[in-house]
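Data first, discussion second: the structure below is written as structure tokens.
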Amino acid sequence: MVKNFGNWNTLGNWNTLGDDNTLGNWNTLGNWNTLGNRNTLGNSNTLGNWNTLGDDNTLGDDNMLGNSNTLGDCLKFGKRLQMEGVKVLALMCMSNVDGSGRKIQVIVHTDGILIRAGCFKGSLDEFCSKAKRENKTRYAKVVRAAAEALQQDVIEKGITGGWDEVTEKESEND
């Protein structure tokens, strides 16, 4: 059954939303929420920390995700996505690079590349240095190659993530 939520809702902590939900604009979801598969979130939502979004979810423009989110496969996001404290240009999720099954998020953002892997969060160089210190050379090489390829693709295609555009809200303040 598809459930719809209207605009300007606030959902508290520890909520679980099943599959095929639609949330309207300007919702705030508290921490530790779980969203199932095939949900659609409208524009300007804020999701707290430690959320889990299942597969095939769609996020509209101007959404903000807190830290330590788990994102399923086939996530589609709109313009001006903020997550992990950075302005996202492109996002790639990888898993099982080193045989551990661990998921890795590679985030190309307006100031560089950010890696989230388990409890680790830091720059690509920090990630690779730590992996090498732990004798995870394949991990360091594969993640670096993939992250740098994604960043180069963003540059070549001129992907801005919408950060170069004036939003309706910003134009109202001028």
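Bear in mind that the values here come from a model prediction, so they are computed numbers and not experimental data. Count residues from 1 along the sequence.
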Would you sort out whether Val88 and His109 count as a side chain to side chain contact (heavy atoms under 4.5 Å, CB included), showing the intermediate values?
CA-CA 4 Å; Val88 178; His109 58 94; 5.5 Å; no

Using 0.5 Å steps for rounding, measure from the [atom1] atom of [X] to the [atom2] atom of [Y].
X: Lys157; Y: Gln152; atom1: NZ; atom2: CD; result: 11.5 Å
X: Arg144; Y: Ile115; atom1: CZ; atom2: CD1; result: 9.0 Å
X: Leu91; Y: Glu84; atom1: CG; atom2: CD; result: 10.0 Å
X: Ile113; Y: Glu126; atom1: CD1; atom2: CD; result: 12.5 Å

Would Met94 and Val106 count as a side chain to side chain contact (heavy atoms under 4.5 Å, CB included) here? Give the steps.
CA-CA 8 Å; Met94 303 167 58; Val106 178; 4.1 Å; yes

Salt bridge check, Asp98 against Arg102: does any charged N sit closer than 4.0 Å to a carboxylate O?
no

Please tabulate, for the side chains in residues 130-138, all donor-acceptor contacts under 3.5 angstrom to protein atoms that are two or more places apart in sequence or on a different chain.
unit_1, atom_1, unit_2, atom_2, d
Glu134, OE1, Lys136, NZ, 3.3
Arg138, NH1, Val97, O, 3.4

Looking at every non-hydrogen atom in both residues, tell me the closest pair between [X] and [Y] and how far apart they are.
X: Gly161; Y: Leu89; value: N-CD2, 4.0 Å
X: Trp163; Y: Lys87; value: CE2-CB, 3.3 Å
X: Ser123; Y: Leu114; value: N-CD1, 4.5 Å
X: Leu124; Y: Glu148; value: CD2-CG, 3.9 Å
X: Cys93; Y: Gln105; value: SG-CG, 4.1 Å
X: Ala147; Y: Val108; value: O-CG2, 4.4 Å

Starting from Met92, can I reach Ile159 by hopping between I/L/V/M/F/W/Y residues whose side chains sit under 4.5 Å apart?
yes

Grouping I, L, V, M, F, W and Y whenever their side-chain heavy atoms are under 4.5 Å apart, do Val86 and Ile104 come out in a common cluster?
no

Checking [X] now: which residues fulfil side-chain contact (heavy atoms from CB on, under 4.5 Å) with it, not counting sequence neighbours?
X: Ala149; answer: none
X: Ser95; answer: Lys103
X: Thr160; answer: Asp164

In chain order, what residues pass the side-chain hydrogen bond (donor to acceptor under 3.5 Å, both in side chains) check against Thr110, with sequence neighbours excluded?
none

Sequence neighbours left out, what pairs pass ring pair (Phe, Tyr, Trp, His ring centres under 6.0 Å) with at least one residue falling in residues 126-152?
Phe120-Phe127, Phe127-Tyr139

Residue pair Ile155, Gln151: steps toward the side chain to side chain contact (heavy atoms under 4.5 Å, CB included) verdict:
CA-CA 6 Å; Ile155 292 167; Gln151 183 182 44; 4.2 Å; yes

Do side-chain atoms of Glu156 reach the backbone of Asp153 as a donor and acceptor pair under 3.5 angstrom?
no

